[in-house]
Amino acid sequence: MNKIFPKDFWWGAATSGPQCEGRFNKPHKNVFDYWFDIEPNKFFNEVGPNVASNFYNSYESDLEMLKEIGLNSFRTSMQWTRLIKDLETCEVDKDGVRFYNAVIDKCLSLGITPVMNLHHFDLPVELYEKYNGWESKHVVDLFAKFARKAFELFSDRVKHWATFNEPIVIIEGQYLYKHHYPCVVNGKRAVQASYNLALASAKAIKEFRDLGCDKNGGKISTILNLTPSYPRSNSEEDIKASNIADMFFNRMFLDPAVHGTFPEKLVEIFKKDNVMWECNEEENNIIKENTVDYLGVNYYQPSRIMAREIEFDKINGWMPEKYFERYDMPGKRINPHRGWEIYPEAMYDVAINIRDNYKNIPWYVSENGMGVEGESKFKNAEGIIEDDYRIEFITDHLKWLHKGIEAGTNCFGYHLWTPIDCWSWNNAYKNRYGFISLDLETKEKTIKKSGHWMKEVSKNNGF
Ligand code: IFM
């Protein structure tokens, strides 16, 4: 055993309400529920979020399985569309309150720390239709109200909160690259929604502190998918292109979350290109004064960038790609099941970046993982999936994380995406990520080899 992690390290896993619960008894539809209802063919094998992994009905036995594989912490999200009956007045839905209370109490009874996130791409579709969703400051205020309600109801027991999961993915999916409903392509609207998401996070944090949740042992974070940008070469042009990609895809949310400000050079670009967001001083002050207590960092793959070689195609108007191109690095290690690059060394680079440029703020790996298509072919005679590739993937990432911890970064946990195979946006159940498999036909859940392995890692606090 040579990689021992800090005392009380979180060994856990993450999911989200819309991806595990199923739509049972929800008073509203989120954008994905709606999209599935109108265009089921957009989803792999036409499997939608209606049942998902049935967590709404099986949360007790599911959480017991998490305990069985040694997890001491678990992140999920509260669905706005389940908890709130009246989106304007914030009147709650009684069954939503009952359900989240039951999940929280079950976690606590098992000694599992619940981490509750408030938004995981699941905007109530009415708020898009009525107000244009995250482009609207009114929606920002409704979100802050919903957050306050959640803190009032549950912060006596939930001590770890997150405002958003991967806000940049909302921008990419909804406003740039068409993988979230309503598939808009509009850079200016993307830029406005980005500011509003940062503001919504800060306003929720303000509610948390106004209510005194921080005086009660509570901590609040935001969860960002950091894709470190690596330039193709050391040329000035490639480095400049890589820095711009880093500002747009990482720092646009990381800087306000931790420092309360946006990267100046990015703001200059938005102004020069006439896509600058609308904001006022009062809003900027809210962002300035309401930064996070700690960060959740989702890391899957790096971003390889080069200076533009082909002239930028203006057909879609302004896009961040005006300033860079993606670089397909020859010889990269790849997950053949998903097509994503595997580069565990980036865990260390993320750790050092946070240590040196982000006040050495406490953080944890809030998602990391390996999606595999057709995983059932790895089942052994006892019906257990032998996912040695996942064990190797996690081990490699933990080694680099450990090196970062030895170098002084303040990391306190590791969560795999995901505990039990869950539904995923357009890919539905194509790529499986869990420690525990789900048979879509029988609904049976079975611990994979990686789940048994994690039990040992957690028991030994390392490997
Ligand atoms: O399923 C998603 C999750 O919702 C956000 N992070 C990446 C996961 C795997 O693609």
Side-chain angles (χ1 to χ4, degrees), residues 12-22 30-33 35-36 42-45 47-49 52-53 55 74-81 115-123 162-174 177 179-181 197 221-228 249-250 253-254 295-303 334-343 346-347 350 364-373 375 387 389-390 393-394 397 414-438 440 450:
T15 185
S16 76
Q19 291 175 271
C20 73
E21 290 171 10
N30 64 44
V31 279
F32 279 93
D33 299 332
W35 197 12
F36 179 70
K42 290 273 187 273
F43 296 80
F44 182 72
N45 283 348
V47 174
S53 307
F55 185 72
F74 164 64
R75 190 236 311 180
T76 186
S77 67
M78 287 183 174
Q79 297 197 65
W80 197 348
T81 49
V115 182
M116 284 294 174
N117 173 34
L118 293 168
H119 194 84
H120 201 113
F121 316 154
D122 53 339
L123 179 76
T163 54
F164 283 88
N165 178 77
E166 301 181 349
I168 188 68
V169 173
I170 301 174
I171 301 305
E172 293 169 336
Q174 247 187 53
Y177 312 122
H179 48 255
H180 287 197
Y181 179 82
L197 284 165
S221 65
T222 199
I223 293 170
L224 305 178
N225 52 313
L226 298 184
T227 50
F249 293 102
N250 298 312
F253 290 102
L254 181 56
L295 274 176
V297 175
N298 297 353
Y299 170 68
Y300 289 89
Q301 57 177 336
S303 159
I334 208 158
N335 166 1
H337 312 281
R338 186 78 171 86
W340 285 2
E341 181 178 351
I342 298 183
Y343 188 64
M347 249 335 168
V350 165
Y364 75 111
V365 178
S366 40
E367 281 181 32
N368 176 231
M370 187 175 180
V372 175
E373 188 177 352
E375 224 184 7
D387 53 346
Y389 42 82
R390 182 166 291 110
F393 178 97
I394 301 172
H397 285 79
Y414 176 91
H415 278 189
L416 185 80
W417 183 268
T418 185
I420 301 171
D421 289 341
C422 67
W423 185 77
S424 199
W425 320 117
N426 313 61
N427 280 329
Y429 280 91
K430 182 165 129 192
N431 301 306
R432 304 303 184 100
Y433 284 86
F435 280 133
I436 296 167
S437 65
L438 168 71
L440 269 188
S450 60

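Note that ligands are numbered from 1 as they come in the structure, with each ligand's atoms numbered from 1 the same way.
- Aromatic ring centroids of Phe32 and His180 lie under 6.0 Å apart.
- To the nearest 0.5 Å, atom CD of residue Glu21 and atom OG1 of residue Thr76 are 6.0 Å apart.
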> Where do Ser437 and Asp421 land on the side chain to side chain donor-acceptor pair (under 3.5 Å) test, with the steps shown first?
Replying inline: CA-CA 5 Å; Ser437 65; Asp421 289 341; 5.1 Å; no
Which protein N or O atoms sit under 3.5 Å from any N or O of ligand 1? Give atom names and distances.
{"unit_1": "ligand 1", "atom_1": "1 (O)", "unit_2": "Gln19", "atom_2": "NE2", "d": "3.0"}
{"unit_1": "ligand 1", "atom_1": "1 (O)", "unit_2": "Ser424", "atom_2": "OG", "d": "3.3"}
{"unit_1": "ligand 1", "atom_1": "4 (O)", "unit_2": "Gln19", "atom_2": "OE1", "d": "2.8"}
{"unit_1": "ligand 1", "atom_1": "4 (O)", "unit_2": "Gln19", "atom_2": "NE2", "d": "3.4"}
{"unit_1": "ligand 1", "atom_1": "4 (O)", "unit_2": "His120", "atom_2": "NE2", "d": "2.8"}
{"unit_1": "ligand 1", "atom_1": "4 (O)", "unit_2": "Trp425", "atom_2": "NE1", "d": "2.9"}
{"unit_1": "ligand 1", "atom_1": "6 (N)", "unit_2": "Glu166", "atom_2": "OE1", "d": "3.3"}
{"unit_1": "ligand 1", "atom_1": "6 (N)", "unit_2": "Glu166", "atom_2": "OE2", "d": "2.8"}
{"unit_1": "ligand 1", "atom_1": "6 (N)", "unit_2": "Glu367", "atom_2": "OE1", "d": "2.5"}
{"unit_1": "ligand 1", "atom_1": "10 (O)", "unit_2": "Tyr433", "atom_2": "OH", "d": "3.4"}

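- Relative ring orientation between Phe43 and Phe36 is described as perpendicular, the plane-to-plane angle rising above 60° on a 0-90° scale split at 30° and 60°.
- Contact record, Ala52 with Gly22: CB-N, 3.7 Å, taken as the closest heavy-atom pair.
- Residues forming a salt bridge (charged side-chain N to carboxylate O under 4.0 Å, His left out) with Asp122 (at least two apart in sequence, or on another chain): none.
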